[in-house]
Novice: 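Here it is: the structure, laid out below.
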Protein chains: 2
Amino acid sequence: MQFTEKKIESTLRREGYKLTPQRRAVLNAIADSHDHLTPADIYDKVRQEHPGIGLVTVYRTLDILDKLGLICEVHSGGNCRSYLMRRPQEHHHHLICSECGAVADFTECDFSELEHRLSRDTGFEIEGHLLEFSGRCHNCRKATPS
Amino acid sequence: MQFTEKKIESTLRREGYKLTPQRRAVLNAIADSHDHLTPADIYDKVRQEHPGIGLVTVYRTLDILDKLGLICEVHSGGNCRSYLMRRPQEHHHHLICSECGAVADFTECDFSELEHRLSRDTGFEIEGHLLEFSGRCHNCRKATPS
DNA sequence: TGTGTAATTGAAAACGTTTTTCATTTACAC
DNA sequence: GTGTAAATGAAAAACGTTTTCAATTACACA
């Protein structure tokens, strides 16, 4: 279950942000899509129903949503700034289709042992990790079996 | 052990690339540094000994080295295009200090079980993964213990 | 239900990074 | 040496992103 629009709106309010139609539109665009979207993608989607919106506003809204942890960034595929809705609370990772960009989530990742070993070997205090798998999704495999 | 300059030069030749002084300079700049460098960082370093070089050439050389797999990209820390020398042959990952940018390598990563499970659950055919840890390196921890 | 105010917006311009273009130069096979 | 295709550097274009600023707007409070 994703953050509901309601939940996001109340979070924005709680943090002192105003709820403008533009922000709602950006929110909807991201929530409606299961893929990761670049700022430009989001701008294009939003403009269909909200022609006057500025790209700046999209950027500003994305910054806020990212800062509040309501959306998260995806890094794979050369593209360095795409966003997805974030599932509530839980730490998770992405599986990204290298052909169509479809994204699947998973939560499993137990690095405790590896982190302990790395910490011992390198002297690093490990704070976080970035894990993404890439591959071909079900649909793309059916479309062109390799 | 990193790729030696000799090894890299022969690889370039084998692939039909010419060995220009500019390419050597870029190569040296990356090889001399243990950190990850952005194209601009590399440009700055190279210009000290090779003032006439153009930023374009740095970019072009990085593209080639990346395509040949002689250097690799680092993603963490918001910065989306930094390069490191690549260790020969082996698959490896990075541990990146969030304070000073120091990089440590490690090779361990056994995702066979997780990949199998993900494949079964999502229908993805998994081709690769991106794994990076972030944390505070030995030096930074000593400098300002938290 | 108004009203005041600080937050938000959009347009334009600035900015940094990366790519393209093109005439000149250069590494290397012969 | 010489010829040729590849590589270079300068300039300009093309991106993506941020800053600036005057005008607008959401919302707390009366």
Side-chain angles (χ1 to χ4, degrees), chain A residues 5-6 8-30 36-68 70-71 73-75 77-83, chain B residues 5-6 8-30 36-68 70-71 73-75 77-83:
Chain A
E5 203 185 315
K6 282 244 149 64
I8 292 180
E9 292 185 0
S10 76
T11 304
L12 278 175
R13 270 228 183 65
R14 174 163 22 93
E15 300 287 331
Y17 294 103
K18 292 182 178 171
L19 219 76
T20 65
Q22 292 91 333
R23 286 182 181 161
R24 270 182 222 273
V26 170
L27 218 43
N28 286 339
I30 306 176
H36 44 136
L37 303 172
T38 62
D41 291 337
I42 294 166
Y43 181 52
D44 288 342
K45 280 191 81 175
V46 166
R47 241 184 336 173
Q48 286 167 23
E49 309 200 346
H50 210 293
I53 199 171
L55 181 53
V56 219
T57 302
V58 173
Y59 275 99
R60 286 191 278 230
T61 306
L62 289 174
D63 283 348
I64 293 168
L65 295 175
D66 189 40
K67 187 158 42 177
L68 296 183
L70 298 170
I71 57 176
E73 288 187 15
V74 176
H75 288 263
N79 200 328
C80 284
R81 251 178 106 169
S82 331
Y83 295 90
Chain B
E5 202 185 316
K6 281 245 149 66
I8 291 180
E9 293 186 359
S10 76
T11 303
L12 279 174
R13 270 227 184 65
R14 174 161 24 91
E15 301 287 332
Y17 293 103
K18 293 180 178 172
L19 218 76
T20 64
Q22 292 91 336
R23 285 184 181 160
R24 271 181 222 272
V26 170
L27 219 42
N28 286 339
I30 306 176
H36 44 136
L37 303 172
T38 63
D41 291 337
I42 294 166
Y43 181 53
D44 288 342
K45 281 191 82 177
V46 166
R47 243 188 330 179
Q48 286 167 22
E49 308 200 347
H50 210 293
I53 198 171
L55 180 55
V56 218
T57 301
V58 173
Y59 274 100
R60 285 191 278 230
T61 305
L62 289 173
D63 282 348
I64 293 169
L65 295 175
D66 189 40
K67 187 157 40 175
L68 297 184
L70 298 169
I71 57 176
E73 289 186 14
V74 176
H75 288 262
N79 200 327
C80 283
R81 251 179 105 168
S82 328
Y83 295 90

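Each chain gets a letter, A, B and so on, in the order the sequences are listed, and its residues count up from 1. Scope of the values below: all heavy atoms of this structure, side chains included, with no hydrogens, waters or symmetry mates.
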Novice: Which listed nucleotide (C/dG10, C/dA27, D/dA26) is nearest to the side chain of A/P21?
Specialist: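 Given the options C/dG10, C/dA27, D/dA26, the side chain of A/P21 is closest to D/dA26.
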Novice: According to a strict under-4.0 Å criterion, is A/T20 in side-chain N/O contact with OP1 or OP2 of C/dA7?
Specialist: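 No, outside the criterion.
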Novice: If you check every side-chain atom of A/K18, which of D/dA5, D/dT17, C/dT8 has the closest atom?
Specialist: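 The answer is C/dT8, which lies nearest to the side chain.
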Novice: Just by distance, do the side chain of B/D41 and the backbone of B/T38 share a donor-acceptor pair under 3.5 Å?
Specialist: yes
Novice: Could you check whether any side-chain N or O of B/R23 sits under 3.5 Å from a backbone N or O of B/K18, counting only pairs where one atom can act as donor and the other as acceptor?
Specialist: yes
Novice: Contact class for A/I53 (heavy atom, under 4.0 Å): base, sugar-phosphate, or nothing?
Specialist: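 It contacts sugar-phosphate atoms only.
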Novice: Pick the closest DNA chain D nucleotide for A/P39 and for A/R60 by heavy atoms, then say which residue is nearer the 5' end.
Specialist: A/P39
Novice: In whole angstrom, give the distance that lies between atom CZ of A/R47 and atom P of C/dG10.
Specialist: 12 Å
Novice: Measuring from atom CG of A/L12 to atom CG of A/L68, what distance do you get when rounded to the nearest 0.5 angstrom?
Specialist: 6.0 Å
Novice: Measure CG/B/D41 against P/C/dG16 and give the value in whole Å, please.
Specialist: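 In whole Å, C/dG16 P and B/D41 CG are 15 Å from each other.
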Novice: Measure from CZ on A/R24 to C1' on D/dT25 and round the result to the nearest Å.
Specialist: 14 Å
Novice: How many Å lie between OH on A/Y59 and P on C/dA14, as a whole number?
Specialist: 19 Å
Novice: Calculate the interatomic distance between A/I64 atom CD1 and C/dT8 atom P; express it in whole Å.
Specialist: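 Computing the A/I64:CD1 to C/dT8:P distance gives 6 Å.
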Novice: Can you check the B/Y43 OH to D/dG9 P distance for me, whole Å?
Specialist: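 Checked: the OH to P distance equals 9 Å.
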Novice: Within the distance-only criterion (no hydrogens, no angle test), does the side chain of B/T61 pair as donor or acceptor with the backbone N or O of B/T57 below 3.5 angstrom?
Specialist: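 Yes, B/T61 side chain to B/T57 backbone: donor-acceptor pair under 3.5 Å.
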Novice: Of all the nucleotides listed (C/dA27, C/dT21, C/dA11), which has the minimum atom distance to the side chain of A/V56?
Specialist: C/dA11
Novice: Using the side chain to side chain contact (heavy atoms under 4.5 Å, CB included) rule, take A/N28 and A/E49 through it: C-alpha gap first, then chi angles, then the decisive distance, then the call.
Specialist: CA-CA 11 Å; A/N28 286 339; A/E49 309 200 346; over 6 Å; no
Novice: C/dT26 P sits how many Å from B/H50 NE2, rounded?
Specialist: 11 Å
Novice: Nearest nucleotide by nearest heavy atom, which residue falls closer to the 5' end of DNA chain C, B/R13 or B/D63?
Specialist: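 By nearest-heavy-atom nucleotide position, the 5'-most residue is B/D63.
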Novice: Tell me which nucleotide among D/dT18, C/dT9, D/dT8 gets nearest to the side chain of A/T57.
Specialist: C/dT9
Novice: Tell me: CG of A/L62 to C1' of D/dT18, nearest whole Å?
Specialist: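 That distance rounds to 14 Å.
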Novice: Looking only at side-chain N and O atoms, does A/Q22 come under 4.0 Å of OP1 or OP2 in D/dA26?
Specialist: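 Checking A/Q22 against D/dA26: no side-chain N or O falls below 4.0 Å of OP1 or OP2.
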Novice: Counting side-chain heavy atoms from C-beta on, which of D/dT8, C/dT9, D/dT18 comes nearest to A/R23?
Specialist: C/dT9
